[in-house]
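Scroll down for the structure; my scribbles are underneath it.
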2 protein chains.
Amino acid sequence: MSNKHTAQAGCPVLYALSLIGGKWHLPVIWALSRHKLLRYNELKRNVCGITNMMLSQSLKDLENNGLIKRVQYNEIPPRVEYSLTEAGLSLLPALDELAKWGVKQMVRI
Amino acid sequence: MSNKHTAQAGCPVLYALSLIGGKWHLPVIWALSRHKLLRYNELKRNVCGITNMMLSQSLKDLENNGLIKRVQYNEIPPRVEYSLTEAGLSLLPALDELAKWGVKQMVRI
DNA sequence: CTGCATCCTCTAAGATACTG
DNA sequence: CAGTATCTTAGAGGATGCAG
């Protein structure tokens, strides 16, 4: 799936998936939902297996779509902190609902 | 995204998306949720732009995962009817939740 | 009518190395 | 510390034609 707005004209569900459908988008969101505020390398340690390439790309996508907030401090060494925005936080109930369904399917199969 | 169970060990949301994340899976489910019962060609007409290849593959995936039911009548000409199972129907509330979130994001951006 | 087989394309994802 | 540049690859997605 893609982060592009390839969603068929006007389907909100497909649009939602276009925002969070990337392979690492949800793991990143999940890490931020647990820790509230994380620096780049903390995020990298929390999202097991992700590379710099994938992490920075996911962060950029999510920021462009307004789901996470990036705050950069011009210090030496550099410090950048990431957190969920209101829009990002508001996604969590929907994820919960999907998770509950997912659990039911896992036990069923 | 894929229909394979590539979901990281034990994340219910990723597992859920592995079941419905294919490009045409949700459009098919959506059509069946509106019409309850559809034949192959009716489905094809309802899901705008889908090819035979993609439709039959999506139907097979969804059936294997227990989200839709396939009933075949051995007549001439052949007749096959598709509908949502209990598991498929139980997905709809989660989709609604995701749709509500999607709508909010569409107006925000 | 309801599909399957084949071949092809395109892009998300990953590996590796490098920089301010 | 926080990323970027470049190259490669795997596989989802698609077009077309054939079959029971």
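All values derive from a computational prediction rather than experimental measurement. By convention in this document, chain letters (A, B, ...) are assigned in the order of the sequence lines, proteins followed by strands, and residues within each chain are numbered from 1.
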Nucleotide [N], atom [atom2] - distance to [atom1] of [X] in whole Å:
| X | N | atom1 | atom2 | value |
| --- | --- | --- | --- | --- |
| A:Ile50 | C:dT16 | CD1 | C1' | 17 Å |
| B:Met54 | C:dC8 | CE | P | 16 Å |
| B:Arg45 | C:dC1 | CZ | C1' | 11 Å |
| A:Leu43 | D:dA2 | CG | C1' | 12 Å |
| B:Glu75 | C:dG3 | CD | P | 13 Å |
| A:Leu38 | D:dA2 | CG | P | 11 Å |

| request: Could you check A:Pro78 against A:Thr51 and say which one's nearest nucleotide on DNA chain C is further toward the 5' end? | output: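 Upstream on the strand: A:Thr51.
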
Would you say [N] has OP1 or OP2 under 4.0 Å from some side-chain N or O of [X]?
| X | N | value |
| --- | --- | --- |
| A:Trp24 | C:dA12 | no |
| A:Arg39 | D:dA2 | yes |
| B:Lys23 | D:dG14 | yes |

| request: Give the B/S/- string for nucleotides 3-8 of chain D, one per nucleotide from 5' to 3', where a protein heavy atom under 4.0 Å of the base yields B, of only the sugar-phosphate yields S, and otherwise -. | output: BBBB--

| said: Using a strict threshold of under 4.0 Å (side-chain N to carboxylate O), is an ion pair present between B:Lys44 and B:Glu42? | reply: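 So B:Glu42 does not pair with B:Lys44 through a salt bridge.
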
| message | Given 3.5 Å as the limit, does a donor-acceptor pair link the side chain of B:Thr85 with the main chain of B:Lys69, or not? | response |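 No.
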
| said: Under a 3.5 Å distance rule, please check whether A:Ser56 uses its side chain to pair with a backbone N or O of A:Met53 as donor and acceptor. | reply: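 Yes.
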
| field | Single-linkage hydrophobic cluster, 4.5 Å side-chain cutoff, A:Leu98 and B:Trp30 together | value |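 No: no chain of side-chain contacts under 4.5 Å links A:Leu98 to B:Trp30.
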
| said: When you group the ILVMFWY residues by side-chain heavy-atom contacts below 4.5 Å and let the links chain together, are B:Leu37 and B:Leu91 in the same group? | reply: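 No; B:Leu37 is not reachable from B:Leu91 via cluster members.
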
| request: Could you list who else is in B:Tyr73's hydrophobic cluster, with ILVMFWY side chains joined at under 4.5 Å, directly or through other members? | output: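 Grouped by the 4.5 Å side-chain rule, B:Val71 form the rest of the cluster around B:Tyr73.
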
